Amino acid sequence: MRNCEKMDYQFKDIEKKWQQFWAANQTFKAENQSAKPKYYVLDMFPYPSGAGLHVGHPLGYIASDIFSRYKRLRGFNVLHPMGYDSFGLPAEQYAIQTGQHPAITTEANIATYRRQLDQLGFSFDWSREVRTSSPDYYKWTQWIFMQLFNSWYNKTDEKAESIEKLVAHFATNGSAGITAVADDEILTFTAAEWNAMSEEAQQTELLKYRLTYLRESTVNWCPALGTVLANDEVKDGVSERGGYPVEQKKMMQWSMRITAYAERLLQGLDNIDWPDPLKEMQRNWIGKSVGASVKFSIEGNTQQNIEVFTTRVDTIFGVTFVVLAPEHELVASLTTPDQKEAVEAYIAQTKKKSELDRMADTKSVSGAFTGSYVLHPLNGERIQLWIADYVLAGYGTGAVMAVPSGDQRDYLFAKHFNLPIIPILDTQNTEKEADATKEGKYINSDFIDGLEYKEATAAIVAKLEEIGAGKAKVNFRMRDAIFGRQRYWGEPVPVYFKNGLPYLINESELPLILPEIDKYLPTESGEPPLGRAEDWKYQNQYEYELSTMPGWAGSSWYWYRYMDAQNATNFASKEAVEYWKDVDLYIGGSEHATGHLLYSRFWNKFLKDIGLAVEEEPFKKLINQGMIQGRSSFTYRLNPLLLGIDDNFVKPEVYVSKGIYELYKEGDFDTIEQIALFYKDLLPEGAEVGEMDFSKLHVDVNIVSNDALDIAAFRTWRPDNNKAIFILEDGSVIYPADNAQNESKYICDVEIEKMSKSKFNVVNPDDLIERYGSDTLRMYEMFLGPLEQSKPWNTNGIEGVFKFLRKFWRLFHNEQWEFTVNDDAPTKAELKSLHKIIRKVEEDIERFSFNTSVSSFMIAVNELTDLKCNKRAVLQELVIILSPYAPHICEELWTLLGNEAGTLSYAAYPVFNPSYLVEDEFAYPISVNGKTRLNINMALTMEPKEVEALVLANPDVQKYLDGKTPKKVIVVKGRIVNIVI
RNA sequence: GCUCGGGUGGUGGAACUGGUAGACACGCAGGACUUAAAAUCCUGUUCGCCUUAAAGCGAGUGCGGGUUCGAUUCCCGCCCCGAGUACCA
């Protein structure tokens with residue numbers, strides 16, 4: 001009789017059992033002190049969306065989990081936490097539509113995420129879970145905001161310092177001796193003047209220095225979402241979320257003085273192990289350019305001048321006109337009466353254009369002459385002052401000195417408006433286009449004639465500084481980050497207003513709890529939703545700030561909260577921060593390149609400046625997992641024009657397989673004929689088939705396997721189509737009454753698209769876990785390809801991994817499914833297989849090549865199966881190596897092997913012994929003129945000379961030599977022999 | 001336009017610093033077991049030519065060239081796909 005307890009690999013029972021065990025025993029709880037070295041593995045925490053996880057989301061989590069489990073086995077104290085970035089727009093949009101509080105939606109979504117994450121067997125330390133929307137978390141987000149408000153950036157020391165220190169300086173020395181990153185229009189005053197200022201005046205002045213400050217600025221306003229958006233939340237002129245139009249608007253806004261850290265953010269990139277494309281994106285975003293600012297005085301106006309920024313100050317003698325952005329503040333005052341009409345018309349035209357898509361039109365040249373002239377700072381020549389929309393108000397000073405000989409846009413402009421073009425280098429060719437060369441010697445350039453680029457630049461900067469007309473300057477593209485959102489579902493800003501000025505609430509009053517409101521929409525007067533909160537006043541009299549923090553606030557420091565998640569008195573204890581320091585490995589998507597990852601680095605540097613963080617950079621190593629795209633399946637439905645049919649007739653549904661459709665497409669006459677005849681037979685007497693056509697229809701990928709449609713499942717999926725007829729790949733036909741068992745198949749067409757519900761290409765991990773188990777899913781996701789590569793999801797092939805795990809299970813069992821492992825000494829071949837995999841997996845994990853280690857596991861199990869190996873000495877080691885990948889099955893086997901339950905996660909990792917891999921012989925590939933012809937077994941101890949002699953004496957080799965003497969014989973020991981004839 | 005990735009069988013992919021291209025899987029074909037199906041196992045599977053077969057020959061990592069005894073790997077030129085970014089002075 002068969003014993004029911006002894007059965008094939010029962011993944012469902014095993015996985016449930018161990019997930020419960022890990023949770024009950026807190027197996028993965030990390031301690032904040034240890035004799036072991038620390039290792040911090042972080043995943044980008046998810047926004048818990050209503051749709052739950054699809055199969056692409058866990059890719060990075062699986063990789064980080066494998067790495068965490070591996071590091072634990074290698075003797076590290078591993079911190080591997082998880083949480084939720086739970087403030088955000090979708091929950092609020094849902095609240096607007098349904099009236100349900102976003103907290104409730106969020107709670108429900110988190111429950112779904114948690115269930116799905118638990119099913120995958122991740123080794124997270126859930127005791128450290130964080131949620132950015134929970135008051136005991138956002139208390140500290142607000143607290144960090146307060147620290148930023150209370151700090152300014154000292155350029156002399158290159159770090160943030162306390163605002164009190166600045167106030168003390170002002171009180172004793174006035175503004176002298178302070179170099180800060182601050183607003184442009186800061187005052188100059190003496191100590192006495194400062195001390196005489198009113199409270200309001202002092203606060204107004206200090207606001208210009210604070211690292212988070214309130215200022216009127218041009219913002220990206222999204223009317224549909226009713227909020228401002230950061231630059232990185234706007235893509236191609238529309239909002240990243242939802243794709244709504246975005247316009248420019250002036251508003252009083254909280255901003256973060258991230259520009260203070262521009263240089264440090266740039267420098268820091270050199271010292272972190274991040275993917276090059278990502279670093280490059282951050283460099284571009286920061287956009288440092290080194291050059292000079294130059295002042296052009298205005299003819300007949302000694303009060304004002306035009307300041308321009310240039311990266312090629314050496315070309316200054318090539319300047320033939322100066323251009324202002326149409327929005328430049330001096331345009332109106334500098335336009336002469338003659339030109340007024342033309343200039344105003346041009347400004348009107350650009351305004352209209354920018355509302356449409358100005359980006360598309362970069363080729364046409366347009367502009368208008370203001371009628372004014374500026375004077376060249378070095379030779380005093382009169383230069384025309386123009387406006388044109390190719391000059392951007394938001395970059396540099398909104399004005400450029402035009403050098404048509406060296407800049408293509410200036411060149412086109414000069415050609416179009418007939419302005420002079422002066423070459424300034426002897427090697428320059430400006431016949432057809434601008435030539436931006438730095439080679440050669442200067443001409444037409446006054447005192448730099450005959451010099452070369454480097455010396456010329458230095459000479460000009462020196463001269464400009466001497467006469468007070470300019471100076472060397474570094475310009476950054478990066479702007480300060482807008483920090484307010486006119487939304488409900490975010491952290492309240494811990495600020496109230498007195499006499500129109502912002503003040504922080506008391507630290508002891510944190511957290512400032514998000515108040516309840518009746519509707520999640522702006523007020524009638526256009527204030528943010530928080531304006532609806534009743535009796536919500538500071539000390540019952542002062543208005544609170546009504547905007548909330550942006551989505552990136554909570555995620556800019558969360559990795560510190562994980563270090564000490566329960567701490568009620570600090571954002572994290574000093575001991576915890578000093579112990580964990582920084583994140584050793586961070587895994588997540590590259591879509592956060594210029595948002596989260598830049599803001600996090602900024603906050604981290606600030607926290608370091610004020611002594612709360614230890615490291616300058618928060619994330620030592622970062623890996624971007626590739627995006628998982630959808631792989632849609634399609635059916636082709638015949639859609640012919642019918643003649644002689646009355647209106648009530650319902651067309652028969654006929655689907656043709658991909659191959660048949662392709663024959664039809666290629667114009668295969670027989671196929672077309674046969675389909676038409678076939679269809680005609682389905683029609684009533686007298687009807688005719690006219691023009692044939694096909695509709696390409698999405699079909700649920702979950703009822704398609706290896707591109708073959710499960711017809712029975714299709715009839716259930718689409719009950720309205722349950723009478724459909726299918727023409728299969730070989731031309732045979734399945735009618736509704738048929739029991740869909742057939743030699744041939746209905747093959748679907750395939751396309752790669754974004755994964756989305758409407759395309760029926762979403763694959764849910766729950767279904768795959770139900771069918772194959774999470775160990776299989778984990779390994780399959782890794783087996784799919786290199787972690788960093790984007791790839792379409794394709795469930796074809798998951799069977800192979802499932803088979804592998806069953807084969808692995810079988811290694812430990814006899815034919816009757818009884819656990820059978822013996823203590824015999826392993827053979828040489830068994831040890832070789834084992835140590836091959838020990839080395840391979842170690843190498844693969846260290847370089848994050850998880851797909852190749854899955855292959856290697858398959859090879860090892862295939863080899864050991866062939867060797868009929870069931871020896872503990874080999875198998876127990878193999879269980880440890882495989883456990884990071886397939887933890888459940890390995891835990892089960894580990895206990896079956898007689899070990900204490902739960903000890904596998906901290907077992908001793910097998911040590912690679914190279915002596916087991918030493919070979920005596922090697923089958924040398926023998927190639928003739930680079931083409932491999934045969935293999936000859938030779939001892940590896942043989943010296944190249946002996947190998948050569950032996951090879952040349954070989955009769956098979958002689959055949960190839962054909963009596964000739966080889967010109968040359970290359971012998972690479974242990975590798976190859978190449979004979980050149 | 002610029003900056004990064006990337007082009008290898010029917011498919012996903014492997015090949016670490018130049019050394020037997022196609023590991024490992026999927027799929028497909030054939031076979032065993034079975035009343036049958038599922039499951040399982042075995043064999044074959046880059047393409048082309050030739051052969052009854054064994055074997056043999058030729059081509060082959062987007063295209064064209066180069067360096068080298070030897071190139072998927074290095075260099076030059078070009079084509080295609082993907083991502084990011086863009087009047088940035």
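Quantities reported herein were computed from a predicted structural model and do not represent experimental measurements. Throughout, a chain's letter reflects where its sequence line sits, starting with A, and its residues are numbered from 1. Values below: every heavy atom of this structure, side chains too, minus hydrogens, waters and symmetry copies.
Between the side chain of A/His813 and the backbone N or O of A/Trp809, at least one donor-acceptor pair lies under 3.5 Å.
Exactly one of A/Leu464, A/Asn305, A/Val308 qualifies for a side chain to side chain contact (heavy atoms under 4.5 Å, CB included) with A/Lys295. That residue is A/Asn305.
With a cut-off of 3.5 Å on both pairing distances, B/U51 has no Watson-Crick or G-U wobble partner at all.
If you check every strand for non-hydrogen atoms under 4.0 Å, A/Pro275 touches nothing. Within the 4.0 angstrom heavy-atom criterion, only backbone atoms of the sugar-phosphate kind lie near A/Pro277; the bases stay farther away. Nucleic acid contact for A/Arg283: none, since no nucleic acid atom lies under 4.0 Å from a heavy atom of the residue. Within the 4.0 angstrom heavy-atom criterion, no nucleotide atom of any strand lies near A/Phe804.
With sequence neighbours excluded, no residue satisfies salt bridge (Lys or Arg N to Asp or Glu O under 4.0 Å) with A/Glu307.
Interatomic distance, CH2 of A/Trp274 versus CD of A/Glu280, reported as 13.5 Å (0.5 Å rounding).
Between A/Glu280 and A/Thr310, the residue anchored closer to the 5' end of RNA chain B is A/Glu280, taking for each the nucleotide with the nearest heavy atom. Checking A/Val977 against A/Ser790, the closest nucleotide of RNA chain B that is more toward the 5' end is the one next to A/Ser790.
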Indicate every side-chain donor-acceptor pair of residues 776-784 of chain A with a distance under 3.5 Å to a residue at least two apart or in another chain.
residue: A/Thr776; atom: OG1; partner: A/Tyr772; partner atom: O; Å: 3.1
residue: A/Arg778; atom: NE; partner: A/Tyr885; partner atom: O; Å: 3.0
residue: A/Arg778; atom: NH1; partner: A/Asp65; partner atom: OD2; Å: 3.0
residue: A/Arg778; atom: NH1; partner: A/Leu120; partner atom: O; Å: 3.0
residue: A/Arg778; atom: NH1; partner: A/Gly121; partner atom: O; Å: 3.1
residue: A/Arg778; atom: NH2; partner: A/Asp65; partner atom: OD2; Å: 2.8
residue: A/Arg778; atom: NH2; partner: A/Pro884; partner atom: O; Å: 2.9
residue: A/Tyr780; atom: OH; partner: A/Asn794; partner atom: O; Å: 2.5
residue: A/Tyr780; atom: OH; partner: A/Asn796; partner atom: O; Å: 2.6

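For the OP1/OP2 pair of B/C26 and a distance below 4.0 Å, the side-chain nitrogens and oxygens of A/Lys803 include at least one atom meeting the criterion. Regarding contacts with the backbone of B/U40, a side-chain N or O of A/Arg806 is found under 4.0 angstrom from either OP1 or OP2. In this model, the phosphate group of B/G18 is not approached by any side-chain N or O of A/Arg975 to a distance below 4.0 Å at OP1 or OP2. Phosphate contact (OP1/OP2 of B/G13, side-chain N/O of A/Gln789, threshold under 4.0 Å): present. Distances shown here put a side-chain N or O of A/Asn862 below 4.0 Å from the OP1 or OP2 atom of B/A25.
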*How does each nucleotide of nucleotides 69-74 of chain B score, in 5' to 3' order, for protein heavy atoms under 4.0 Å: base (B), sugar-phosphate only (S), or none (-)?*
BS----
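Between the side chains of A/Asp435 and A/Thr430, no donor-acceptor pair of N or O atoms lies under 3.5 Å.
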